[in-house]
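What you see is a predicted model; the values in this text were computed from it and never measured.
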Amino acid sequence: MGRPVDAEPSRVSCKFPNSDELSSRSWGSTGVKIVPRILFELDQAGLLQLLSQPLDVADLLVTLCKKYGFDGLVVETWSQWAASGLLQHASFQLQAVQALRLLAEVLHKPTDSPRMELILAVPPFEAADKGPVLAMSDFEELRAFVDFFSLMTYDASSPSKPGPNAPWKWVKSNAHAASTALKRQSTRPEQVLFGLNFYGNDYIQPLAGGPIIGHEYLSLLKTHDPVIRWDQKTKEHVFDYAEGNEAHVVYYPTKVSIQKRLVLAHKCGLGISIWEIGQGLDHFYDLL
């Protein structure tokens, strides 16, 4: 993951964690594309300033891609902007689209290197609760130059509202919305990547807890030997356990829940994006 950390009027800089390791790494000729995730960790004033110099930002990011041999970028700005409410302002929305369009043009510009891709991480078309959404009008505008959209069809719950990570009715509604949108003048049916979570949540009732990954999930199974239930309505597996005076409820994906969502994505003509490789159980990859 990289993040721009400076946005003075005269310059824009970016910091990559473990850059020394990246400099010495050779990705080889495996055919696998490496597209790092980029976050803009700025306050509102810094972000507005950054958008005032989009060409500098685009040139910097493309230079970094070439330096480290990346094949493009996964940019998470749209979901950040949507969550902050900034996209509700027409002037900001216009600047944001222009900045992303310029970044796409620089990434796609013919050079001696292969064409690089712009993948935009976006909120779902329909919110699980009161969260941000991807407006269909924005999608129609962005799809002209964005290579792929990574649709965040997960994180439907939180410690303040514990429940399944990606309840079936909600993910199905978003998959159908994406499919319908893609059928309108789309030459690439898998432009939308349906988001799958490989992590889970361990909620402490009533309002605490948070994400867990594979080894933590296995540790809970070994320690508590819980009864795992299948929730037919949400199509997720869940179990309860107690630790001291705390009552826990755990939602974690399984091969059954993942397979159902893969079939749904295939029927709707969508690709797949996973949050995140390495967080799940090894046998999850048997399905891919």
Side-chain angles (χ1 to χ4, degrees), residues 32 121-129 131 148-180 182 189-190 192-205 208-243 246-288:
V32 176
V122 292
F125 289 102
E126 299 180 15
D129 188 17
F148 297 99
F149 294 87
S150 180
L151 195 65
M152 296 180 172
T153 40
Y154 41 77
D155 283 347
S157 61
S158 67
S160 62
K161 191 176 180 181
N165 299 313
W168 181 251
K169 183 178 179 180
W170 176 64
V171 296
K172 188 176 180 180
S173 179
N174 273 285
H176 288 162
S179 178
T180 300
L182 286 171
E190 294 185 352
V192 173
L193 308 177
F194 183 74
L196 291 176
N197 59 289
F198 272 18
Y199 66 92
N201 282 300
D202 179 358
Y203 292 123
I204 305 171
Q205 300 178 3
I212 58 170
I213 58 177
H215 71 90
E216 295 168 313
Y217 173 75
L218 294 176
S219 179
L220 290 175
L221 296 183
K222 182 178 180 180
T223 301
H224 300 283
D225 192 23
V227 176
I228 302 175
R229 309 185 309 276
W230 173 251
D231 186 331
Q232 182 59 35
K233 181 178 179 181
T234 64
K235 292 184 171 39
E236 291 195 16
H237 278 100
V238 58
F239 67 80
D240 304 289
Y241 73 95
E243 195 165 64
E246 295 178 342
H248 292 245
V249 58
V250 174
Y251 292 87
Y252 196 85
T254 60
K255 290 183 75 172
V256 175
S257 66
I258 293 170
Q259 178 64 25
K260 286 188 175 296
R261 285 154 179 78
L262 287 172
V263 171
L264 172 65
H266 178 72
K267 287 182 177 178
C268 292
L270 308 178
I272 291 295
S273 60
I274 296 170
W275 187 268
E276 142 178 3
I277 296 293
Q279 292 186 345
L281 303 179
D282 290 345
H283 65 245
F284 288 177
Y285 305 107
D286 297 341
L287 300 171
L288 304 178

Report task. Hey, could you give me the OG1/NE2 distance between Thr254 and His283, rounded to the nearest 0.5 Å? Result -> 7.5 Å
Query raised in the report: Rounded to the nearest 0.5 Å, what separation is found between the CG atom of Asn174 and the CZ atom of Phe125?
Result: 7.5 Å
Query raised in the report: side-chain contact (heavy atoms from CB on, under 4.5 Å) between Leu264 and Phe194: does it pass, once the steps are laid out?
Result: CA-CA 9 Å; Leu264 172 65; Phe194 183 74; 4.1 Å; yes
Query - Main-chain N/O of Val250 paired to Asp202 side chain as donor or acceptor, under 3.5 Å - result: no
Report task. Without swapping roles, check the side chain of Ser257 against the backbone of Lys235 for a donor-acceptor pair under 3.5 Å. Result -> no
**Report entry** Set of salt bridge (Lys or Arg N to Asp or Glu O under 4.0 Å) partners for Asp129, sequence neighbours left out
**Finding:** Lys161
Report summary line: CD of Glu216 to CG of Leu218, rounded to nearest 0.5 Å, is 10.0 Å
Requested in this report: Could you go through the side-chain contact (heavy atoms from CB on, under 4.5 Å) check for Asp155 and Tyr199 one step at a time?
Outcome: CA-CA 10 Å; Asp155 283 347; Tyr199 66 92; 2.3 Å; yes
Requested in this report: First locate atom CD of Glu276, then atom CD1 of Ile213, and finally report the distance between them rounded to the nearest 0.5 Å.
Outcome: 9.0 Å
Query - Sidechain-backbone polar pair: Trp170 side chain, Glu126 backbone, donor-acceptor under 3.5 Å - result: yes
Report task. Supply the atom-to-atom distance Asn197 CG to Ser273 OG, rounded to the nearest 0.5 angstrom. Result -> 10.5 Å
Query raised in the report: Taking all atoms of both residues into account, what is the closest heavy-atom pair of Leu221 and Ile228, and its distance?
Result: CD2-CD1, 3.9 Å
Report summary line: Heavy atoms of Leu270 and Ala178 approach each other most closely as CD2-CB, 3.9 Å
Requested in this report: Taking the side chain as every heavy atom from C-beta outward, state whether Asp240 and Arg229 have any pair of such atoms under 4.5 Å apart.
Outcome: yes
Query raised in the report: What is the minimum heavy-atom distance between Ala156 and Pro164, and which atoms define it?
Result: CB-O, 4.0 Å
Report task. State, yes or no, whether a side-chain contact exists between Leu220 and Ile212 at a heavy-atom distance under 4.5 Å. Result -> yes
Query raised in the report: With a 4.5 Å limit on heavy-atom distance, are the side chains of Tyr285 and Leu288 in contact?
Result: yes
**Report entry** Gly209 to Pro159 - nearest heavy-atom pair and separation
**Finding:** O-CG, 3.3 Å
Query raised in the report: Is the backbone N or O of Glu236 less than 3.5 Å from a side-chain atom of Asp231, with the two atoms forming a donor-acceptor pair by type?
Result: no
Query - Tyr203/Ser157 under side chain to side chain donor-acceptor pair (under 3.5 Å): CA gap, chis, key distance, verdict - result: CA-CA 10 Å; Tyr203 292 123; Ser157 61; 2.7 Å; yes
Requested in this report: Search all heavy atoms of Pro124 against all heavy atoms of Met152 and return the closest pair with its distance.
Outcome: CD-O, 3.6 Å
Query raised in the report: Hey, is CG on Asp282 packed in by over 12 heavy atoms from elsewhere, all under 6.0 Å?
Result: no
Query raised in the report: With respect to Phe198, which candidate in Phe284, Tyr154, Tyr252 satisfies the ring-ring contact (aromatic ring centres under 6.0 Å, His included) definition?
Result: Phe284
Query raised in the report: Are any of the side-chain heavy atoms of His237 and Phe239 separated by less than 4.5 Å?
Result: no
Requested in this report: Determine whether more than 12 heavy atoms belonging to other residues, nucleotides or ligands lie under 6.0 Å from atom NZ of Lys169.
Outcome: no
Report task. For Thr180 and His176, indicate whether the former's side chain and the latter's backbone hold a donor-acceptor pair under 3.5 Å. Result -> yes
Report task. Output the distance between atom CD (Gln279) and atom NE2 (His215), rounded to the nearest 0.5 Å. Result -> 9.5 Å
Query raised in the report: Is Arg261 reaching over with its side chain to a backbone N or O of Ala166, donor-acceptor style, under 3.5 angstrom?
Result: yes
Query - Close side-chain approach of Val192 and Val122, heavy atoms under 4.5 Å - result: no
Query raised in the report: Can you tell me if Gln259 uses its side chain to pair, donor with acceptor, with the backbone of Val256 under 3.5 Å?
Result: no
